[in-house]
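Quick note on labels: first sequence line is chain A, next is B, and so on, each numbered from 1. Please read all numbers here as calculations on a predicted model, not as lab measurements.
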Amino acid sequence: MQEFVMKYGFLLLVFPLLGAFLNGIFGRYILRRYGEAPIGLLACASVFMSFVLSIAVFLALNDSENGSRIICNAYTWLNAGNLRADAAFLFDPLSSIMILVVTGVGLLIHIYSLGYMKGDSGYYRFFAYLNLFIFSMLLLVLADNMFLMFIGWEGVGLCSYLLISFWYTEKENAIAGNKAFIVNRIGDAGFLIGIFILFWAVRQGLAAAGTFDTEGLSILSFQFLEKNISLLNGIELYGASAATIICLCLFIGATGKSAQIPLYVWLPDAMAGPTPVSALIHAATMVTAGVYMIGRLNFLFAMSPLALGIIAATGAVTALFAATIGCAQFDIKKILAYSTISQLGYMFLGMGVSAYSAGIFHLMTHAFFKACLFLGAGSVIIGMHHEQDIRNMGGVRKYMPVTFAAFLIAMLSISGIPPLAGFFSKDEILWKTWESGHHILWLTGLATAGLTAFYMTRLLVLTFFGKNRGSKKDCAVHKIKESPFSMTMPLIVLALFSAAAGFLGLPEALGGFNRFEFFLSPVFGSHRGASHESMEYMLTAASAIVAVIGIFSGVFFYLVKPELPARIAKKIRPIYNLIYNKYFIDELYSFIFVSGTGIITAVLSAFDRYVIDLTVNLSGYILRLMAHIIDWFDRRAVDGIVNSAAGITLIAGAYLRKAQTGRLQAYVMLLIIALAIGVFYKAIF
Amino acid sequence: MEIITLQSFLIVSLILFLTGLYTIVSRKNIIGIYMGIELILNSSALNFASFSRFAGRGLEGQVFSIFIIVLAAAEAAVALALLLAVFKRQRGIDADKLNILKG
Amino acid sequence: MNIEIKEIVFISIVLLTIAPCSVVAFSRNILYSAFALFFTFIGTSGLYFFLDADFLAIVQLAVYIGGVLVLLLFAILLTKNIDDIKKTNTISLRRSITAGITVLVLFFSLFFVFLSTGWTPLNGGAAYPNGTIHELGRLILSKYLLPFEIASLLLLAVLIGSLVLAGKTVRQRED
């Protein structure tokens, strides 16, 4: 099994790439000739193959005694001195969980998309992008070194961009895609700089150690880094520890990709893409890349407590911040988007307090319930004929029972109701936060948990309960019906997972055995702190209670007294406006960056117009003048010479042609005259 | 005074050659021109034979004469065939009228 | 000054060779020219005997008189009307004057050269009292084998080529 993975592990990536290639190149033809079925089948089959292989990898890792890592080295990609990058894939518990999530959720969402995208003219394009995304994400996750990871990192960014502006004929979608792409670029620049500094620092460390022997490993491969991370000790850059700078640069990349403050602004806009995309890319997988990256490089981040502190603080603040915005939004997908940002904040909080396995655990459960929520929302949106405003919904429960049930389970899970998955993972993070002594951050997290429960309840109630408020679509109401099986099946599966996945990581305090943490221990090590069991019980109870309070308040405000929220909103209008407008962050960015860019542009444009254009025009004028002179010379002198040469040839030809009489004897005559002259001359002299 | 010397043969050959040359240039009839050519070939063959005789270096000059005669025979066949072709085309064999190559 | 019989014969043969040349050059009748050529060929053949070239003399007789000249006569008969035979071999006056002057210049120049050159070292010569055929045959089949074979190929080509040329019916031109 292990050997199989070592030899053929790369096939995991080949299938989605093949699917993307076939659908991308021949999709249009297939769609026209054979309809949609083969395209969807091809896309789903390729992901399914990857999923099967992922399970194989998982089993292989479980089998092995050391259980740590299997490396599949496909080929050496770059080799320049100390800079070597292999196209090698690292299979270890962390990446195996990630690929299970990516291919598993990916497969479900592919199946869901079969129904969701039906009839779209870009059907083949959608699946090609989706497969390409799966490929890029797997590349990111399985990469053995920083370079390959960066390729995947950029690849998922590209796919995200392509899929956000999937319906590119509408300007808003195109702009949203651009925004996501540009904001991600900022983060990626940080990431890339981080890689460069890391490479430099390791080289410095090697030089200091006086050896360049890397035991055949690439400097930037995770294996080498993990083994030799102590090389970074004592390397300084601009007066700060190199490790801290590297970690912060990489974290900037993570904030871009995982939508944390300050680079989160693209994610809500990214909801312009098709809903399955939002579920897969902007909730379950891609946005967790930053979390995964920190988990993957945990040994590096462990070297910089300062960076970890910043990560934890950023995560906690983002979680709370996004949760508050989520309370005042009305677009169903935007609420989920802010909720995603908030949950990602949790994960970063977990990472920041070195609770890596908790963070990854939350990543996994979040992938299940958030994908479920998004797919449920998509189902509702389709059912409501592309209505996204929850103010115009209501009462959908009766028409879409399956969707409702799945949505409810996922919503309870995200709210942190025991014993659903979200409860365990969130509680784990909060407990670890408390344990590490960050009590303020814990409090923030707790508040966020309450707010999460509140706004998710609000979303659920406004969407599924009460009367239908779609006044302008009265006639459409009666046509609301449950989505087809291809859409409800993934919902059911995901709902089951979001309910049950928590038992994988049952905290020991509750009498369980944390398999998840144990499984990941080869990567993260065992962080068994001092046992504070009584404290843990209390905190667990606290978070559960907060969640329940959140839910009840949500029910109270929106179901029991639906008129109350509007009254409160009126009373605290300034604050409400602030939250409703997302703290005016977009406007602030737009003012600082976009207007700032505008001013720079204006200055540059003025410079361009008055200085460069002047120079260019002047040189153009001079050239024209010279051209006139040359033209005159050309016409008179050069042409004259050429024409006279031709004329001379012509005249000479006119005379010489008379010599060509065509008479044989005339030629012979000339011949013998010449002969006579020659002989005469020779004879006389 | 010796008469049968190399000079005598050379002068005979020269006279044949120059007569042939004159004939070639002055005649209008292609057959006349052809006769001139034959005279020239004869003169050259004679020249080779006489040098072969008087130079005392074996018979190689005579071999050349034989080849010249062979070539003359070949030339005769081709020339007369050409002549017939020209006659069929021009209804005459006046060399002055063969001037389609006039520039 | 004693002239031997051999020299008398030589002089008469030389005259037999040169005299008809004037007829070839100046006669207005092409048949006369052809017959004059006949005598020239015979004279040349005689001269070959004086050069100890017996084989060459025979070949001269056979090829020239038996072949070339007969072919020539046939050509005359095939191409010209026999009626105005007297004007068959006209001469272009302007060309003949120029050619005459040139030829005279050449003649005197070369004559002067021949007489003034010292040929005596060459005049020893080598006689072949037993005939040359044996030696010629040896040369042709050894040293000159390749030219000999090429000559045979040439004759074959000429045979075919002249058949094609003479047998071709040319379309009458409109003008």
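At least one side-chain heavy atom of C:Ile30 sits less than 4.5 Å from a side-chain heavy atom of B:Met35. Contact of the B:Arg27 side chain with the C:Ser33 side chain is registered, since non-hydrogen atoms from C-beta on lie closer than 4.5 Å. C:Phe50 is not listed as a side-chain neighbour of B:Ser50, based on a closest heavy-atom distance of 4.5 Å or more. In this structure, B:Glu38 and C:Phe41 have side chains that are in contact, with non-hydrogen atoms separated by less than 4.5 Å. Under the 4.5 Å side-chain criterion, counting only non-hydrogen atoms from C-beta, B:Phe9 is not in contact with C:Phe114.
The candidate with the highest count of non-hydrogen atom pairs below 4.5 Å against chain C, out of B:Val12, B:Leu46, B:Thr19, B:Val86, is B:Leu46. Ranking C:Thr98, C:Leu72, C:Leu69 against chain B, the residue ahead of the rest is C:Leu72, based on heavy-atom pairs under 4.5 Å. Contact count versus chain C (heavy atoms, under 4.5 Å) is highest, among B:Asn42, B:Leu80, B:Val70, for B:Asn42. Ranked by heavy-atom pairs under 4.5 Å with chain C, the list B:Leu10, B:Val78, B:Leu16, B:Thr23 is led by B:Leu10. Of the residues considered (B:Leu39, B:Leu41, B:Leu71), B:Leu39 shows the highest number of contacts with chain C, using heavy-atom pairs under 4.5 Å. For chain B, the option among C:Gly100, C:Gly161, C:Ala25 with the highest count of heavy-atom pairs below 4.5 Å is C:Ala25. Most heavy-atom pairs under 4.5 Å with chain B, from the set C:Leu56, C:Thr44, C:Val63, C:Ile18: that is C:Leu56. Comparing B:Gly36, B:Ala72, B:Ala49, B:Ala79 by heavy-atom pairs within less than 4.5 Å of chain C, the highest count is held by B:Ala49. Taking C:Val158, C:Leu139, C:Leu71, C:Leu51 one by one and counting their heavy-atom pairs under 4.5 Å with chain B, the maximum is reached by C:Leu51. Comparing C:Val59, C:Leu47, C:Val14 by heavy-atom pairs within less than 4.5 Å of chain B, the highest count is held by C:Leu47.
Side-chain contact annotation: C:Tyr144 with B:Glu60, donor-acceptor N/O pair under 3.5 Å present.
When heavy atoms are compared at a cutoff of 4.5 Å, C:Leu154 approaches chain B solely by way of its side chain, counted from C-beta outward. C:Val103 touches chain B through backbone and side chain together, each having a heavy atom under 4.5 Å away. Only the side chain of C:Leu155 comes within less than 4.5 Å of a heavy atom in chain B; its backbone stays farther off. Heavy atoms of C:Ala36 lying under 4.5 Å from chain B are absent altogether. Using a 4.5 Å cut-off between heavy atoms, C:Phe74 makes no contact with chain B at all.
Checked against the 6.0 Å centroid threshold, B:Tyr22 and C:Phe26 count as a close aromatic pair.
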